[in-house]
Amino acid sequence: MLEVAPDLIGATLMFDGVGGRIVELEAYHHTEPAAHSFRGPTPRNAVMFGPPGFAYVYRSYGIHWCLNFVCEPEGSAAAVLIRALEPTVGLPVMRRRRGVADVRLLCSGPGRLCEALRITAAHNGLALDQPPFALFARTGAVEVVRGPRIGITKAVDKPWRYGEKGSRFLSKPFSDPSS
DNA sequence: TGCCCGATTAACT
DNA sequence: GTTAATCGGGCAA
């Protein structure tokens with residue numbers, strides 16, 4: 001899972017005709033208390049305990065939706081939270097859905113990203129390589145930076161947040177002094 | 001059955 | 001910098 005996470009930076013995620021490059025994500029694993037899967041399978045997180053390559057969507061703070069990719073090995077309940085995209089396709093559609101003009105605010109956050117792509121609980125458990133999802137590996141080299149995860153209160157020390165170095169589309173900048 | 005809290009965001013002081 | 005919005009899951013009673 002920790003090997004897969006940085007490889008997804010720079011990959012392109014498409015959903016129902018719109019999407020962009022993944023520039024930020026966080027890894028979660030059932031052995032650490034910050035993960036939803038920490039306390040074992042439940043109706044909500046059942047997807048995480050299934051095979052890899054599927055989407056786990058959950059409601060955050062009763063308001064937003066957040067998208068995860070289930071990672072291998074199967075049964076480890078590992079997942080990566082997609083935190084930010086660099087929008088590349090369907091800009092007008094995303095702008096209309098989000099109600100903002102600034103491209104950098106379209107997908108720079110897990111809740112924003114789902115609103116822009118219109119991802120909801122209806123898409124929980126769908127395969128990432130089947131419509132309406134589509135996932136393309138990155139083509140060129142990408143500089144990946146790592147840091148502590150955001151917005152959680154447990155296991156804050158684990159540096160399992162990954163992002164593209166210097167990207168303008170991160171939900172928050174990395175505190176990497178060399179960037 | 002009830003209570004507390006969160007892998008968030010946007011608006012407001 | 002602070003706080004409201006808003007709801008389902010997880011845990012205590």
Side-chain angles (χ1 to χ4, degrees), chain A residues 1-2 4-9 11 13 15 20 22-50 52-72 76-87 94-126 128 133 135 144-164 167-175:
Chain A
M1 183 233 351
L2 291 179
V4 171
D7 285 344
L8 280 172
I9 297 294
L13 171 70
F15 180 82
I22 298 171
V23 295
E24 180 185 355
L25 55 79
E26 289 174 3
Y28 289 88
H29 191 266
H30 82 282
T31 54
E32 42 100 10
H36 288 171
S37 53
F38 177 61
R39 299 176 192 284
T42 68
R44 174 174 67 148
N45 65 26
V47 176
M48 294 178 74
F49 290 84
F54 286 80
Y56 164 53
V57 183
Y58 72 95
R59 200 198 273 291
S60 174
Y61 289 84
I63 304 171
H64 309 286
W65 297 105
C66 294
L67 171 66
N68 296 249
F69 291 174
V70 179
C71 296
E72 52 189 359
S76 68
V80 293
L81 166 71
I82 309 303
R83 289 194 54 90
L85 296 182
E86 174 184 336
M94 289 193 263
R95 261 194 261 265
R96 190 170 65 247
R97 290 173 181 170
R98 292 273 300 114
V100 297
D102 190 338
V103 187
R104 290 162 43 148
L105 295 179
L106 289 181
C107 300
S108 58
R112 294 167 174 170
L113 175 162
C114 286
E115 186 178 20
L117 300 192
R118 198 167 281 173
I119 292 173
T120 71
H123 311 109
N124 187 39
L126 294 186
L128 295 171
F133 281 105
L135 195 55
V144 176
V145 289
R146 193 174 70 154
R149 292 177 293 186
I150 292 178
I152 58 174
T153 57
K154 302 160 192 162
V156 185
D157 55 309
K158 296 196 185 307
W160 287 356
R161 175 178 180 237
Y162 297 87
E164 180 180 7
S167 171
R168 312 186 327 273
F169 300 93
L170 302 174
S171 60
K172 288 179 183 167
F174 283 81
S175 56

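Reminder, nothing fancy here: chain letters follow the sequence lines and each chain counts from 1.
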- request: Look at A:Arg39 and C:dC11 and indicate whether a side-chain polar atom (N or O) is within less than 4.0 Å of OP1 or OP2.
  value: yes
query: Contact class for A:Arg149 vs. all strands (heavy atom < 4.0 Å): base, sugar-phosphate, or nothing?
result: nothing
- prompt: Can you tell which of C:dG10, B:dA7, B:dG6 lies closest to the side chain of A:Arg83?
  reply: B:dA7
task: Report yes or no: is the ring centroid of A:Tyr58 under 5.5 Å from the six-membered base ring centroid of B:dA7, with the two planes under 30 degrees?
output: no
query: Touch check for A:Arg98, heavy atoms < 4.0 angstrom, all strands: base, sugar-phosphate only, or nothing?
result: sugar-phosphate
field: Separation of B:dA7 C1' from A:Leu113 CG (nearest whole Å)
entry: 13 Å
Watson-Crick/G-U partner (both atom distances under 3.5 Å) of C:dG1: B:dC12
- prompt: A:Arg161 has an atom CZ; how far is it from atom C1' of B:dT8, in whole Å?
  reply: 14 Å
query: Does a sphere of radius 6.0 Å around CZ in A:Arg118 hold more than 12 heavy atoms from other residues, nucleotides or ligands, not counting ones at 6.0 Å or beyond?
result: no
- prompt: Is there a Watson-Crick or G-U wobble partner for C:dA12 with both distances under 3.5 Å, and if so, which one is it?
  reply: B:dT1
query: Rounded to the nearest Å, what distance is computed from the CZ atom of residue A:Arg44 to the C1' atom of nucleotide B:dA7?
result: 9 Å
field: Gap between atoms NZ and P, on A:Lys172 and B:dA10 respectively (whole Å)
entry: 12 Å
- prompt: Under the salt bridge (Lys or Arg N to Asp or Glu O under 4.0 Å) criterion, do A:Lys154 and A:Glu32 qualify, and how do the steps go?
  reply: CA-CA 8 Å; A:Lys154 302 160 192 162; A:Glu32 42 100 10; over 6 Å; no
statement: In whole angstroms, the gap separating P of B:dT8 from CD1 of A:Ile119 amounts to 16 Å
statement: A:Ile63 has its side chain closest, among C:dG10, C:dA5, B:dT9, to C:dA5
- prompt: Would you say the side-chain atoms of A:Ser171 pair up with the backbone N or O of A:Arg83, donor to acceptor, closer than 3.5 Å?
  reply: no
task: Apply side-chain hydrogen bond (donor to acceptor under 3.5 Å, both in side chains) to A:Ser167 and A:Glu86, showing your working.
output: CA-CA 8 Å; A:Ser167 171; A:Glu86 174 184 336; 4.8 Å; no
- line: Picking from B:dA7, B:dT9, C:dG10, the nucleotide nearest the side-chain atoms of A:Tyr56 would be B:dA7
- prompt: Do any side-chain nitrogens or oxygens of A:Thr42 fall under 4.0 Å of OP1 or OP2 in C:dG10?
  reply: yes
- prompt: Rounded to the nearest Å, what distance is computed from the CZ atom of residue A:Phe38 to the P atom of nucleotide B:dA7?
  reply: 13 Å
task: Pick the P atom in C:dT3 and in B:dC5, then give their distance to the nearest Å.
output: 16 Å
message: Which nucleotide wins on minimum distance to the side chain of A:Arg59, given the candidates C:dT6, C:dC7, C:dG10?
response: C:dC7
- prompt: In whole angstrom, what separates A:Trp65's CH2 from C:dT6's C1'?
  reply: 12 Å
- line: Winner on side-chain proximity to A:Pro110, out of B:dT9, B:dG6, C:dG10, is B:dT9
Rounded interatomic separation in angstrom, taking NE2 from A:His64 and P from C:dG8: 15 Å
- request: Report the residue from A:Leu106, A:Leu67, A:Leu117 that forms a side chain to side chain contact (heavy atoms under 4.5 Å, CB included) with A:Leu85.
  value: A:Leu117
- prompt: Want to settle it: does A:Arg112 or A:Met48 sit nearer the 5' end of DNA chain B, counting the closest nucleotide to each?
  reply: A:Met48
message: Using the side-chain heavy atoms of A:Asn45, tell me which of these nucleotides is nearest: B:dT8, B:dA7, C:dG10.
response: C:dG10
message: Treating A:Arg112 as the side-chain partner and A:Ser108 as the backbone partner, does any N or O pair qualify as donor plus acceptor under 3.5 Å?
response: yes
Gap in Å between the two P atoms, one belonging to C:dT6 and one to B:dG2, rounded: 22 Å
